[in-house]
Each structure stands twice: as C-alpha cells, then as structure tokens.
Amino acid sequence: MKKNDEVSAVLYDISRLLELEGEEAYRIRAYRKASQSVSSLEGDIEEYYKEGRLRDIPGVGPSIGSVIEELLRTGRSGLLETLKKETPLELYEVIEVPGIGRKTALKVHRALGVATIEEFRDAARSHRIRRIKGLGDKVEKKILDALDRHNKALSETRIPVFRASAIAAEIMGYFKDCEGLAQADVAGSLRRRAPMIGDIDIVAAAHDPAEVIDCFCNMPITRIVKDRGEHHAEITTRYRVDAKLKIVSRDNYGLRLALNTGSKAHLRELEKRAMARGDRLSKEGFYKGGEEKVKFPREEGLYRALGLEYIPPELREGRGEVDAAAKGTLPDLITVEDIRGDLHVHTEWSDGSSSIQDMAMAARAKGYEYVAICDHSKSLHIANGLSIERLRDQMAEIDRLNDTLENFTILKGSEVDIMPDGSLDLPDDVLEDLDIVVGSVHTQLRQDADVVTRRVINALENEHLTILAHPTSRILGRREPTAIDIDRVIEAAKENNKVLEVNAYPDRLDLSDEHVKKAMDAGVMVSIDTDSHGIAELDYMEFGVNNARRGWATKARVLNTLSTGALLEYIERY
DNA sequence: GGCACCGCTGCCGTTTTTTCAGGAAAAAA
C-alpha cells in the first residue's frame, strides 16, 4: 500500500505546483482528483501497472497514466522535477492561508526570495513587503493578520461534532463484531454533543477485556496504537483524530460512564453536591456517608443517589444544571421527534442541488408536515440568488405542487439578504406575498460591532421578517463570528416577536449553544433549520437539535414544532 | 487533464462587490 500513498503524494505535489504557476484550473483539478483516487484505491497500484490497468483508476487518463508509469518504473517524475525548479513547494502553504492569494505570494516570493510561512512572517514584520511595488502597508498588515489567524487555526486540533460523530459511528460499527464486548457507549465531549471535539472517548464493559482491546487496536481505521494496557487503549485513527477506550466493570458502568462523560465543571458540581449531603464522589467512586462504597450499573442510579433528576449529557456543562436538577426544574428538552418541518432549505433554483419537489418529498418522508423553500435573494450572486421575477415563478410553481400534495405543505419563502445598511434585499410587496421570510447577513462580515448589530436590528424591525438566520455567521474552525452584540439582538428579537435560527448546518451551529441559552432565558423563540442544499442534508436536523438541547431549548420555544396551522397562525400574528 | 457520449466536442462551480492600490486579489454560499 505504501506505493499508492507515494504516487498519490507526487500527483498532489504536481497539482499544487501547477496551481502556483497559474495553470488552468481543470488541469490542476485533474491531478488532484487522480491523487485522491489513487489514495483511496483498494488494490496495490503496482498490480494495476503490471496488468496494464492504470487507466481503470478513475481520474487517470493517458497523461496522468504516463506520469504514474514513469514513477513506478524509475521512482522519479520528470514533470514534478521540472515544476520544482520553477517554484518551491513550500510556497503552496502560504497560499493556503486564507487571506493570502497566489499572485501576492508569488510577487513577494520573487521580490524577496522568501518561500515559507515563517519567512513571510519575518518579511512582514520587518516591513519589507510594503516596499514591494504594487503592495503597501495595508497588504502587509493583512498578510501578518492572516498568518496570525492561520497560526491559531493550526493549534486547533479539535474537529466539528458531525465529523466526530461519523468516526464514532464507524468505531461502534466495528465493535458489533467483537464478541468479548458486553456494552459500549460514546462518552466525553462527543456524548455531550459539544460543537468541537478533541478526541473520541469510549467506555465499554467486557466479558473479555483483552479481546476488546485487541478489537479496538486492530480496527481498519486504527492508524497508530499510542497506548495499550489491560483496561485501556488509545489510538490515532486514519482521520487523524485520537480515540480512547476505557474498559470498566459492569456493576459500576453507570458511574464510570458519567465520570468519563464530564464535563469537568459538571463533575465538580456533582462532587460538591455529594459532599453537601455527607457523601463522597471522586475518581475512586461513590461513597455513601463517606464510607460505604456504592456502585451504579446505570447513570440514573448515580443521579438519584445524589438527590437529582437525571441530567441529559447535553446539559452537563456546569451551567446551573445541577441546581436545576435538585429543584426539579430541568428543561423538558426538545427532541428530533418534536420537529414538524424545516423552515430553511434551498433548491436548484439558487445554489441547492435538488428540485422543490424532491425536497418536499424528502421532507415528507422524514415525517414532516411542511418545508419552507428559502432560496437566496437577488443580491447574493454567487449563490445564484433569485431575481424578483424568478421568485414569482417559483411561488407559482410551489402553488402548483401544493395542489398535488396531501397532508403536506410547501411554504413559499426566501432567504433574503440583509443588506449592509440593514434593509432587506426584496421590496415589501414581494415580502408580503411570501409565507415566511428568513433574513441573513452574507456580506460585509467585518463590520464593526455597532454597525453590524444595528444592521441586524434594523432587519428585525421589518414587519415581514420571520426568522433571523445564522445570526453570527460563524463557520466552525474557519470563520470567526461577526462582531455582533448578541444580547442586543436577542433583546430586539424579543421586542419585535422575531425568531432566531439555530442553523443546523454542521459547521455553523449558529446560534451557538450559549446563545441559545441566552435566547431561552430571554423568552425568545428559536427555529431549528438545516439550511439544506440537497435532500441528504435534511438529516443535519439532528445536529441542530443537539445544539439547541445544549442551550436548554424546550419544545414550546421552538417554532418548527408547531403544526402547519399553528405555524401559519403564528407567522400571521407576529 | 479526464470523461461521457457521439463528433471530432464540450463540460467540469459560478458572479459580483469590496479592498487596496491605481489593476487585481479575495471573499461570499
């Protein structure tokens, strides 16, 4: 298999150098695709070569085929070597930094001979970049800021929860075939459904611990076994995320699961609670009256012993959940089953990939009563935003489709851009003909706090707007939220009876859990919507609901738990 | 540069605005 990786790496390097040179995009993409294809190849590429089947590999044609052939025959690539003479490969790392483009990087490289990220940083710090013709102090500062942000991003080793969930599901799938296993659960921050996950914690009980450890260390996704003991193991997966397994006793499984689920702040609260009741809870276990050791096969028993309602994992963040559980005032959390429709989805009319009808059918198949088609409005050109005329056509199309549907309603909506001045991208006479208006900020994301806050509040004061979508515009791990003052936004939503979205798109989760909590505390409604751009993405709902649960959201405060009639009435009223 | 589906070809992601610098890069879904 090593040869496959080697070939894949060479093809990838070629694609990067071609990109640096400004080669035609499709040629770059062809090499990249071939690289990907070779790396995910099941068989040995040398076998393909020997059998003359290289071109059976998807993305490999005559040209790339001969590059691979040369590589396997001589161990070298003439094309790669020629390209390397022109441009150093390290320069590619610079253009990968968001905010520094290819031409700027090349210009700096040619003027100063610098190539690595460190050299660029030095060049910017010593003000050598501002002296290059065509660049100035502003660009120099931009480069420095971009490199700083990049540095911060590199030290972030966590991954978004939806990716961690998929990896954990894969691990649990392998466990099914492990005979020595009695029981296993995901624990840690993933069980709490935190937005970003550092590593995947798994707690298991075993008939045969050695076999289970073996099983874990020999999974197909295991790349490196970092640590291995009689009752624990730690691996790095091929997704570069670590997974830890702890084998615990069956009779105290519940307590161990709770201790391994955390959070630290939550456990500290539990320990304090135990102490106040004359008991003791620690890593060693639970001691009734400080002396008698009590075991809990199930978590519920532990919480009961502490005189608490059972606290769902999503709430275990030390944000007052233990007090609430003691008083019996924990929120009755929203569940996926409570959701009756999706109020923010796209179709092929703008930048989605499915038709209106397919989105409607898929939504109905999920058991929903309604779906709101909210394609982009005219100003968002990159997303193929709808002109007023096309929007009118779409509304007519939805009317036609609704006539054919029973027990399901397609709502006419728009994800209308909130313009930099706070006005909406559609005139009132269009807005009032829509069933639902979802407003979003997509441009000018770097406005000052006061400007962007006023902008959004202005939109919230528009009588036609129903929902404010992804209120902070954050993209997990990639883009910081806008400088918006969320407290003022929540206040304005309250005053104007507007709904704030919990965008379920997995790298948005916006509102954040903390912001959802603020909205709940303020008595503001939220709507959990997927922002789907195709039928498969309707399944993102689960991540939005999990995120809302972390923010203590209850069914009563989630707009899209309403029936179609109640929903339309609600929109009409406010 | 690869590929699909027939011919010697066209498609593969796109378009506009903002920003910095004086034409061009970067950002937005």
Side-chain angles (χ1 to χ4, degrees), chain A residues 11-12 14-15 17-19 21-38 54-68 79 94-108 129-143 145-146 149-150 344-353 374-387 414-421 425 438 440-447 451-452 469-470 473-475 478-480 482 503 505-508 510 530-534 537:
Chain A
L11 294 177
Y12 195 64
I14 291 173
S15 82
L17 288 165
L18 288 173
E19 187 176 340
E21 307 230 316
E23 179 58 72
E24 198 207 353
Y26 292 116
R27 192 172 169 221
I28 300 166
R29 215 172 295 157
Y31 276 92
R32 199 149 299 172
K33 245 177 90 183
S35 163
Q36 193 70 54
S37 179
V38 168
L54 281 178
R55 290 184 58 180
D56 289 354
I57 302 167
V60 176
S63 185
I64 293 181
S66 70
V67 170
I68 297 177
L79 174 59
V94 177
I95 69 167
E96 273 189 314
V97 177
I100 308 176
R102 186 179 72 83
K103 300 217 171 164
T104 305
L106 271 178
K107 204 180 261 182
V108 174
I129 290 177
R130 61 176 63 178
R131 293 202 291 267
I132 300 169
K133 185 171 160 25
L135 307 179
D137 54 342
K138 294 249 176 79
V139 167
E140 186 175 83
K141 184 168 187 311
K142 259 190 152 176
I143 290 176
D145 289 348
R149 276 198 308 275
H150 177 71
H344 180 178
V345 310
H346 297 269
T347 73
E348 59 192 5
W349 283 67
S350 64
D351 60 345
S353 55
C374 298
D375 277 311
H376 291 286
S377 62
K378 61 181 184 342
S379 290
L380 202 64
H381 302 281
I382 193 175
N384 191 25
L386 272 57
S387 66
S414 170
E415 181 180 12
V416 57
D417 257 64
I418 299 171
M419 308 307 283
D421 65 357
D425 191 26
V438 175
S440 298
V441 168
H442 289 122
T443 55
Q444 295 278 80
L445 302 181
R446 297 196 187 173
Q447 285 177 326
V451 177
V452 68
H470 45 71
S473 296
R474 76 165 175 180
I475 307 279
R478 273 195 293 143
R479 188 168 72 206
E480 291 297 311
T482 61
N503 190 293
Y505 216 80
D507 57 3
R508 284 196 187 265
D510 180 13
T530 61
D531 205 347
S532 291
H533 285 68
E537 295 183 352

Chi-angle category of B:dG22 [syn within 90° of 0, anti beyond]: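 For B:dG22, whose glycosidic angle is more than 90° from 0, the conformation is anti.
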Expected output: side-chain A:R474 to main-chain A:R508 donor-acceptor under 3.5 Å: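 Answer holds: yes.
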Which nucleotide in the set [options] lies at the smallest distance from any side-chain heavy atom of [X]?
{"X": "A:H442", "options": "B:dC12, B:dT16, B:dA29", "answer": "B:dA29"}
{"X": "A:R29", "options": "B:dC12, B:dT15, B:dG2", "answer": "B:dC12"}
{"X": "A:E24", "options": "B:dT15, B:dA28, B:dG1", "answer": "B:dG1"}
{"X": "A:V139", "options": "B:dC20, B:dA29, B:dG1", "answer": "B:dC20"}
{"X": "A:L445", "options": "B:dC12, B:dA28, B:dA29", "answer": "B:dA28"}
{"X": "A:K138", "options": "B:dT19, B:dC20, B:dT15", "answer": "B:dC20"}
{"X": "A:Q444", "options": "B:dG2, B:dG13, B:dT18", "answer": "B:dT18"}
{"X": "A:S63", "options": "B:dT15, B:dG2, B:dA29", "answer": "B:dG2"}

Partner of A:D425 by side-chain hydrogen bond (donor to acceptor under 3.5 Å, both in side chains), out of A:S414, A:S440, A:S377: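 Exactly one pass, corresponding to A:S377.
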A:E537-A:H346 side chain donor-acceptor pair, cut-off 3.5 Å: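 Looking only at side-chain atoms, A:H346 and A:E537 do not form any donor-acceptor pair under 3.5 Å.
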Side-chain donor-acceptor pair present, A:D351, A:H533, cut-off under 3.5 Å: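 Indeed, the side chains of A:D351 and A:H533 share at least one donor-acceptor pair under 3.5 Å.
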If the [atom1] atom of [N] is compared with that of [M], how far apart are they to the nearest Å?
{"N": "B:dT15", "M": "B:dG7", "atom1": "C1'", "answer": "32 Å"}
{"N": "B:dA27", "M": "B:dC20", "atom1": "P", "answer": "12 Å"}
{"N": "B:dG23", "M": "B:dT18", "atom1": "C1'", "answer": "14 Å"}
{"N": "B:dC5", "M": "B:dC11", "atom1": "P", "answer": "15 Å"}
{"N": "B:dG13", "M": "B:dA29", "atom1": "C1'", "answer": "11 Å"}
{"N": "B:dC6", "M": "B:dG10", "atom1": "P", "answer": "15 Å"}

Most 5' of A:K142 and A:P98 on DNA chain B, judged by nearest nucleotide: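 Looking at the nearest nucleotide for each, A:K142 comes out on the 5' side.
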Toward the 5' end of DNA chain B, by each residue's nearest nucleotide, A:S379 or A:E140: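 With A:E140 and A:S379 compared, the 5'-side residue is A:S379.
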Touch class at under 4.0 angstrom, heavy-atom based, for A:G385 against every strand present: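 Nothing, no nucleic acid heavy atom in range.
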Sugar-phosphate, base or nothing in reach of A:H346, heavy atoms under 4.0 Å: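 Contact class for A:H346: none.
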Under 4.0 angstrom between A:R479 side-chain N/O and B:dA28 OP1 or OP2: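 It does, given that an N or O in the side chain of A:R479 lies less than 4.0 Å from OP1 or OP2 of B:dA28.
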side-chain N/O A:R508 vs B:dA29 OP1/OP2, d < 4.0 Å: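 True: A:R508 side-chain N/O within range (under 4.0 Å) of B:dA29 OP1/OP2.
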Value rounded to 0.5 Å, distance of CE in A:M419 from OG1 in A:T443: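 Between atom CE of A:M419 and atom OG1 of A:T443 there are 6.5 Å.
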Distance (rounded to the nearest 0.5 Å) between A:H344 NE2 and A:Y505 OH: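 Answer for the NE2-OH pair, A:H344 versus A:Y505, is 10.5 Å.
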Nearest-Å distance for atom pair [atom1]/[atom2], residues [X] and [N]:
{"X": "A:N384", "N": "B:dT16", "atom1": "CG", "atom2": "P", "result": "10 Å"}
{"X": "A:I28", "N": "B:dG2", "atom1": "CD1", "atom2": "P", "result": "14 Å"}
{"X": "A:M419", "N": "B:dA28", "atom1": "CE", "atom2": "P", "result": "16 Å"}
{"X": "A:I64", "N": "B:dG1", "atom1": "CD1", "atom2": "C1'", "result": "6 Å"}
{"X": "A:R32", "N": "B:dG1", "atom1": "CZ", "atom2": "C1'", "result": "13 Å"}
{"X": "A:D145", "N": "B:dA27", "atom1": "CG", "atom2": "C1'", "result": "16 Å"}
{"X": "A:I382", "N": "B:dA28", "atom1": "CD1", "atom2": "C1'", "result": "5 Å"}
{"X": "A:D425", "N": "B:dT16", "atom1": "CG", "atom2": "P", "result": "14 Å"}

From CA spacing to verdict: salt bridge (Lys or Arg N to Asp or Glu O under 4.0 Å), A:D145, A:R149: CA-CA 6 Å; A:D145 289 348; A:R149 276 198 308 275; 5.4 Å; no
